Amino acid sequence: MEPTKISNRTIAAIFDEIADLLEIDGANPFRVRAYRRAAQNILALSKPLSQLVAEGADLTQLPGIGEALAQKITEIVTTGSLHYLDELKKRIPPDLERLLKISGLGPKRVHQLYEALHIRSLADLKKALDEGKVQALDGFGPKLVQSIADGLARQTGVVRHRLFEADPVAHAVVESLRRCKGVRRIEIAGSIRRRKETVKDIDIVAGTSMNTDIMETFLSLPDVKRIVMQGPTRSSVELFSGFHIDLRAVHEEAFGSALHHFTGARSHNIALRTMASEQGLKINEYGIYKGVRRIGGEHESDIYERLGMQYIEPELRENRGEIECALQHRLPKLIERKAIRGDLHIHTDRSDGSASVETMARAAMALGYEYMAVTDHTKHLTVARGQDEDRLLEALDEIDALNDRLEGFTILKSAETDILEDGSLDLGDEVLRRLDLVVGAVHFKFNLSKKMQTKRIIKAMEHPAFSILAHPTGRLINLRDPYELDMHAVIAAAKELGVILELNAQPSRLDLNDLHCKTAKEAGVKIAVSTDAHSVADLQLMAYGIAQARRGWLEPEDVVNTLPLKELLALLGR
DNA sequence: GCCGTTTTCGGCCCGACTGTTTTCAGTCG
């Protein structure tokens with residue numbers, strides 16, 4: 001049968017769905033976990049499974065994939081569906097998965113609700129609650145029933161917050177707790193510390209002396225809407241702003257272990273603990289132990305040291321191969337903000353930016369940069385006052401004059417050229433040739449088929465003047481999905497054509513994402529980390545781009561705007 | 001369902017908090 005081009009994401013979603021259903025069915029929890037772990041590992045792959053199957057690769061070589069799952073993957077890829085899942089759905093109503101999302105309801109209770117009251121949907125649950133049937137069940141006391149009812153009422157919209165929205169909230173809470181009695185150390189942990197693009201909640205870890213009032217202070221912060229959970233060492237609240245915050249307080253000697261535990265990712269922790277137990281060691285929030293003897297935990301680095309591996313930066317802790325690398329002492333030397341020598345995507349008031357070319361240039365100089373590229377929009381993008389050839393030529397004259405005046409700084413001539421529907425560029429060849437680099441981007445016709453969109457973009461990349469593909473997938477996190485695009489084909493074309501891919505640092509874009517970056521790096525494709533600044537303040541967004549680059553395993557040599565100007569121009573063929 | 005220098009069976013991370021319970025199961029992170 002003709003293989004489908006079914007995506008890794010779809011296959012992972014199928015395995016996750018199986019895990020949900022098996023869990024409700026009361027299956028062996030380790031079997032459930034095998035499906036979940038496989039789903040997670042599949043998401044981290046840099047090659048499409050459909051391609052691996054077509055090449056006849058041995059799927060059992062992949063982590064977490066054995067005979068049974070390899071066979072299921074092959075069936076999904078070749079037939080587009082999975083008989084086993086269809087059978088499961090027949091036996092267990094798939095709507096039950098939605099009940100799992102309600103806080104306080106796990107597989108056991110969902111199973112019980114289904115068996116005893118035939119509850120199979122949110123509506124059924126609401127009705128049963130209203131009729132007082134739920135509280136009649138064994139183990140469903142008045143408080144639990146109330147919390148389920150509350151959870152059901154809140155059910156609408158479990159949102160993941162974007163990193164840049166969570167950052168200021170987290171910092172404000174940390175600052176109000178820092179001066180509490182007995183607080184020696186306090187840090188943000190969780191997915192914020194790993195700089196994940198979206199976060200579900202905010203985790204904070206404190207190392208304290210015996211006498212501390214941090215928990216009381218935390219629970220009585222003015223922003224607290226309700227207390228979700230409270231204990232002597234751990235509490236959780238919901239703020240009026242909708243954020244959930246977990247606070248974990250341990251004795252200062254255990255701060256490193258607690259910080260590690262609450263930084264996660266969970267899959268990273270599980271992998272480390274499994275490894276530790278193979279070495280006869282045990283890791284928990286309080287330390288790392290050999291037998292009953294505690295051999296570390298004050299500092300986070302103790303854990304990696306005792307396990308005989310390199311320290312793993314938080315951005316890498318996703319169990320995507322970092323543990324294996326750390327054991328072999330060949331982790332990437334992740335890029336840092338200070339390695340950046342320039343910004344290659346900047347708007348000015350000549351299109352939709354708010355500051356002049358000179359103002360942006362002086363701001364970039366103040367950041368210690370050697371260069372920046374002015375990349376105002378082109379004429380097709382009328383809403384952004386895109387420039388036609390004549391206005392662009394005027395801009396180039398202004399840049400020439402400024403470059404004569406600015407000491408030790410170069411403004412590169414460029415444009416964020418629209419990629420038109422047929423893959424041609426929105427500027428004439430004569431003007432394109434006068435630019436130091438050409439940034440190309442899609443700003444309309446997002447809804448083309450995957451095939452057409454991929455063709456359109458690769459055609460644009462084939463233009464001899466084309467340098468950098470900006471925000472390659474067009475997504476706006478939580479607002480707009482990426483357009484349909486065969487990213488593996490785009491990466492292959494970039495490699496072949498010597499085109500650079502952008503990691504757009506706008507925190508609502510972060511496009512390429514972390515996995516794309518890793519895949520591009522492995523393919524030998526260079527990345528530009530650019531802010532797409534529309535104001536002086538936006539230049540600071542570089543930090544978000546660098547964080548995402550680190551999550552994508554990028555090193556300074558993978559990123560073109562770490563190069564000195566001369567070498568950058570040579571790479572661009574100028 | 002996966003995995004292996006405890007290797008083809010018998011393990012599989014670890015602990016806090018809650019509610020309903022008289023010692024623990026379920027959920028969560």
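Since we're looking at a predicted model, the values are computed, not measured. Just so it is clear: chains get the letters A, B, ... in the order the sequence lines come, proteins before strands, and each one is counted from 1.
Of the candidates A:N504, A:D481, A:D511, A:N513, A:T473 forms a side chain to side chain contact (heavy atoms under 4.5 Å, CB included) with just one, namely A:D511.
Looking at A:T263 and A:R193, their side chains do bring a donor and an acceptor atom within 3.5 Å of each other. In the model, A:Q71 has no side-chain atom that pairs as donor or acceptor with a side-chain atom of A:E75 under 3.5 Å.
Straight-line distance between the C1' atoms of B:dC2 and B:dT8: roughly 12 Å, to the nearest whole Å.
Between A:P142 and A:P107, the one whose closest nucleotide on DNA chain B sits nearer the 5' end is A:P142.
Checking B:dC17, B:dG1, B:dA16 against every side-chain atom of A:M229, the shortest atom distance belongs to B:dC17.
Pair assignment for B:dG19 gives B:dC24, based on Watson-Crick or G-U wobble hydrogen-bonding distances that are each under 3.5 Å.
Nucleic acid contact class of A:L272 (heavy atoms, under 4.0 Å, all strands): none. A:G104 comes within 4.0 angstrom of the backbone, heavy atoms only, and of no base. Across all strands, A:P29 comes closer than 4.0 Å to no nucleic acid atom at all (heavy-atom distances). A:I270 comes within contact range of at least one nucleobase, with a heavy-atom separation under 4.0 Å. Residue A:S147 is classed as having no contact, given no heavy-atom separation below 4.0 Å to the nucleic acid. Among the protein residues, A:N284 comes within range of the sugar-phosphate backbone only, with heavy atoms under 4.0 Å from sugar or phosphate atoms but none that close to a base.
Residues A:I491 and A:T519 are in side-chain contact: their nearest non-hydrogen atoms beyond the backbone lie under 4.5 Å apart.
The side chain of A:K282 contributes an N or O atom lying less than 4.0 Å from OP1 or OP2 of B:dG15.
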